[in-house]
Amino acid sequence: MLLVKRRQCGDATQRQLDMEVMAGPEYALIPGPGNRAMSCCLMQTRVLFINTPFPFDEHPVPPLGLAYIAAALENEGADVQVLDLLVAQYTPRALKRKLKEYQPHFVAATCSTLNYHIASRILRVCKNHDPGLTTLIGGPHVSFTAADVIAQAPWIDIVVRGEGEHTLVDLLNALAGGRDLSSVPGIAYRRNGEAALTPPRPLIKELDRLPLPARHLLPLSKYRALKAPCTVITSRGCPFGCIFCSAPKMFGRGVRFRDPEAVVDEIEMINREFGFRQINIVDDTFTVKDRHVQGICEGLMDRGLNIQWSVYSRVDTVSPRLLRLMKRSGCSWVCFGLESGSQKILENIKKRITVAQSRQAVKMAKEAGMEVMVSFLLGLPGENGRTARQSVSLADELRREFGVYYGFHILAPMPGTEVREKANEYGIRILSQDWAKYDANRPVSEPTGFSGDRMTRILADYERSISAAWDNIQAEASKGDPLCQERVSTTATQDFVWKLLKSNAIEKLGHRKHCPGDLAERVSRMIDVPPDTAEREMARLLAAGNIVPARTEGGDGQIWRWA
Ligand code: B12
Ligand code: SF4
């Protein structure tokens with residue numbers, strides 16, 4: 001995204017993962033689920049959920065899918081914990097310590113395509129540490145690669161495909177009651193050394209009957225410290241069929257809406273109990289049904305909630321009236337997927353929008369007073385020099401005319417997308433099967449007649465323009481522009497907190513008895529930031545209550561921890 005500096009923080013994690021794999025014992029295949037004794041109901045079942053780190057920090061937000069499935073199990077009486085490695089330093093040693101201390105029956109990881117390799121290695125560490133536990137994995141990537149996962153990763157026992165809430169409860173009950181796994185729809189497992197896929201589970205009909213996400217299990221103070229918004233979902237499914245996207249296949253083409261009042265209740269609770277003022281609504285297309293949006297906006301206004309929110313939308317599903325209503329109820333950001341400045345490409349990818357609609361929607365959203373983010377994809381079927389220039393020039397025009405922020409990515413044909421399944425028909429050559437490269441920032445596929453190198457060059461120009469815009473903001477901030485100053489200060493805070501999290505500095509230093517000043521000084525040395533920055537940022541974290549003091553066990557001193 002424009003003006004967001006992306007730090008490659010993966011090297012250290014990668015090194016740790018590599019060391020673990022090299023040093024680990026030869027893997028002994030455990031056929032089927034693990035064998036630790038479990039009671040016949042979920043009351044005494046311990047489940048450790050793992051939020052897998054990204055190879056880079058791209059706007060970490062609280063993991064919503066994980067919070068939903070954790071809630072479903074808690075609701076059944078299971079004992080559930082979440083190890084959120086996205087906002088912590090990952091080391092195999094610390095993971096093993098956690099396993100030893102908690103003794104879970106199940107370890108269940110979530111991942112997307114580009115961090116599947118990390119999730120897989122983490123589960124391997126778990127299985128090597130304790131072959132008696134059962135390892136599970138779910139999320140949008142493995143939902144479409146389940147048979148390969150079972151065939152290639154013997155340390156992963158079961159893959160949950162699609163929505164996880166009902167499947168996970170059914171699965172754990174089946175295991176507890178000795179029922180055959182073939183009776184559990186929506187999973188893949190190993191049977192006689194082969195991958196067995198059960199039929200898909202029907203989508204959850206009544207989203208309002210799901211327990212609210214178990215956010216109390218997440219390290220929310222870390223996300224608040226990062227100034228991240230809290231995630232909420234108000235509907236599942238998307239009626240459109242863009243060929244580069246797996247959403248319709250994952251959540252269905254019929255959209256299932258939650259009751260607007262229940263959504264507003266949830267947002268109010270997040271604000272009141274968890275202290276978030278920013279909400280990111282992660283529906284695939286929030287604005288697909290007018291009445292739904294209207295219900296939520298009116299509910300938010302009736303309650304007088306002082307929150308700001310952001311959404312993903314489509315340019316053909318908004319109107320000036322709807323956008324004004326959204327803005328009045330606190331929607332400050334809207335993100336539109338424009339994908340291309342070429343009408344021909346839009347048709348090729350079945351986006352079913354026009355370039356004129358894109359311009360119009362951006363104009364309407366800006367007139368309603370919102371900030372607008374638009375995103376483009378390079379390397380789509382039919383892309384050539386001319387169509388790529390049309391996208392760059394549309395982005396430039398919208399930036400100059402309306403001050404929109406824009407992002408460029410490169411097509412990564414993810415599992416579950418039509419463009420991957422029919423790559424030949426679309427004239428797309430898949431260059432790499434290495435999922436770790438599917439970060440949409442480098443070419444892993446090429447359309448006929450447009451090379452990956454050309455896409456990389458365009459992306460490099462875009463990155464340069466981000467750097468130049470950022471330099472400009474810093475220059476304006478030093479001249480006293482208050483908005484630029486706020487941005488620079490927010491980024492500095494996020495950088496600092498990210499370093500703090502990725503070194504587990506508070507966990508390592510906080511247990512010693514020292515005053516806030518001493519703590520800041522030690523933090524400054526540990527994460528290599530100037531002492532005055534550490535002092536300022538630590539004071540902010542303490543003032544906001546994200547890091548809190550506690551008494552030592554003996555009661556004779558003060559220690560520090562994340563709230
Ligand atoms: C918020 C979001 C982000 C956030 C945070 C991502 C996160 N992991 O939380 C940010 C902005 C960082 C982000 C970045 C990117 N994202 Co994103 N993002 C989303 C979004 C909009 C919402 C995710 C969400 O909360 N969904 C709602 C919950 C309820 O669904 P869920 O997470 O899928 O979980 C359910 C099931 O999958 C399953 N489940 C999930 N995990 C597990 C684990 C177990 C053990 C079990 C049993 C079940 C289970 O049960 C859950 C409940 O039903 C989705 C689109 C969408 N609507 O899902 C895209 C989506 C996840 N993102 C996607 C992509 C491509 C990206 C980027 C690569 C784009 C880019 N280059 O900028 C990056 C990559 C970052 C990364 N390493 O994953 C794709 C992923 C496709 C894929 N095959 O992996 C999606 C699906 C969008 C799409 N339709 O193409 N993203
Ligand atoms: S890109 Fe958006 S509109 Fe298109 S299918 Fe995916 S979620 Fe739906």
Practice task
For residues Leu378 and Phe450, determine if any side-chain heavy atom of one lies less than 4.5 Å from a side-chain heavy atom of the other.
Solution key: no
Practice task
State whether a side-chain donor-acceptor pair under 3.5 Å links Ser313 with Thr287.
Solution key: yes
Exercise for the section: Verify the distance criterion only: is there a donor paired with an acceptor across the side chains of Asp434 and Ser432 at less than 3.5 Å? Expected result: no
Exercise for the section: Tell me, please, whether Phe274 has Arg224 positioned over its six-membered ring: NZ or CZ under 6.0 Å from the ring centre and within 45 degrees of its axis? Expected result: no
Practice task
Examine the side chains of Gln89 and Lys508 and answer whether a donor and an acceptor come within less than 3.5 Å of each other.
Solution key: yes
Fill in the blank from the handout: Rounding to 0.5 Å, atoms CG (Asp208) and CZ (Phe257) come to a distance of 12.0 Å
Practice task
Output yes when Arg201 and Asp170 qualify as a salt bridge under the 4.0 Å nitrogen-oxygen rule, no when they do not.
Solution key: yes
Practice task
Please confirm whether Lys98 makes a cation-pi placement over Tyr102, using NZ or CZ under 6.0 Å from the six-membered ring centre and within 45° of the ring normal.
Solution key: yes
Exercise for the section: Report, as yes or no, whether the 6.0 Å neighbourhood of atom CZ on Arg253 holds more than 12 heavy atoms from other residues, nucleotides or ligands. Expected result: yes
Problem - Side-chain H-bond candidate by donor/acceptor type, Thr234 with Asp283, under 3.5 Å - result: yes
Exercise for the section: Would you mind checking if Lys222 and Glu507 are paired as a salt bridge, meaning a charged N to carboxylate O distance below 4.0 Å? Expected result: yes
Fill in the blank from the handout: Phe408 meets the ring pair (Phe, Tyr, Trp, His ring centres under 6.0 Å) criterion, sequence neighbours left out, with Phe376, Tyr406, Tyr462
Handout entry: Shortest non-hydrogen contact between Ile428 and Gly379, atoms and distance
Key = CD1-O, 3.8 Å
Practice task
Look up atom CG in Leu501 and atom OH in Tyr223, then write down how far apart they are to the nearest 0.5 Å.
Solution key: 9.0 Å
Problem - Sidechain N-carboxylate O distance under 4.0 Å for Glu206, Arg258 - result: no
Exercise for the section: Taking only Lys NZ, Arg NE, NH1 and NH2, and the carboxylate oxygens of Asp or Glu, determine whether Lys96 and Asp130 approach each other closer than 4.0 Å. Expected result: no
Handout entry: Asp528 atom CG: more than 12 heavy-atom contacts under 6.0 Å
Key = no
Practice task
Kindly say whether Pro219 contributes a backbone atom to a donor-acceptor pair with the side chain of Asp84 at under 3.5 angstrom?
Solution key: no
Handout entry: Donor on one side chain, acceptor on other, Glu418 and Tyr426, under 3.5 Å
Key = yes
Problem - Any side-chain heavy-atom pair of Ser451 and Glu446 under 4.5 Å - result: yes
Practice task
Would you check if Ile50 and Thr110 make a side-chain contact, meaning some heavy-atom pair closer than 4.5 Å?
Solution key: no
Practice task
Answer yes or no: is there an ion pair linking Arg215 with Glu266, defined by an N-O contact shorter than 4.0 Å?
Solution key: yes
Exercise for the section: Report yes or no: is the cationic atom of Arg236 (NZ for Lys, CZ for Arg) closer than 6.0 Å to the six-membered ring centre of Phe286, at no more than 45° off its axis? Expected result: no
Exercise for the section: Name the orientation class of the two ring planes belonging to His141 and Trp435 (parallel below 30°, tilted from 30 to 60°, perpendicular beyond 60°). Expected result: perpendicular
Problem - Atom pair OG1 (Thr198) and CZ (Arg191), whose distance is rounded to the nearest 0.5 Å - result: 9.5 Å
Exercise for the section: For the residue pair Phe49 and Leu73, establish whether any side-chain heavy-atom pair is separated by less than 4.5 Å. Expected result: yes
Exercise for the section: Scan Ile279, Ile281, Val61 and name whichever one has a side-chain contact (heavy atoms from CB on, under 4.5 Å) with Thr231. Expected result: Val61
Exercise for the section: Using only heavy-atom distances, determine whether the side chains of His216 and Glu74 contain a donor-acceptor pair under 3.5 Å. Expected result: yes
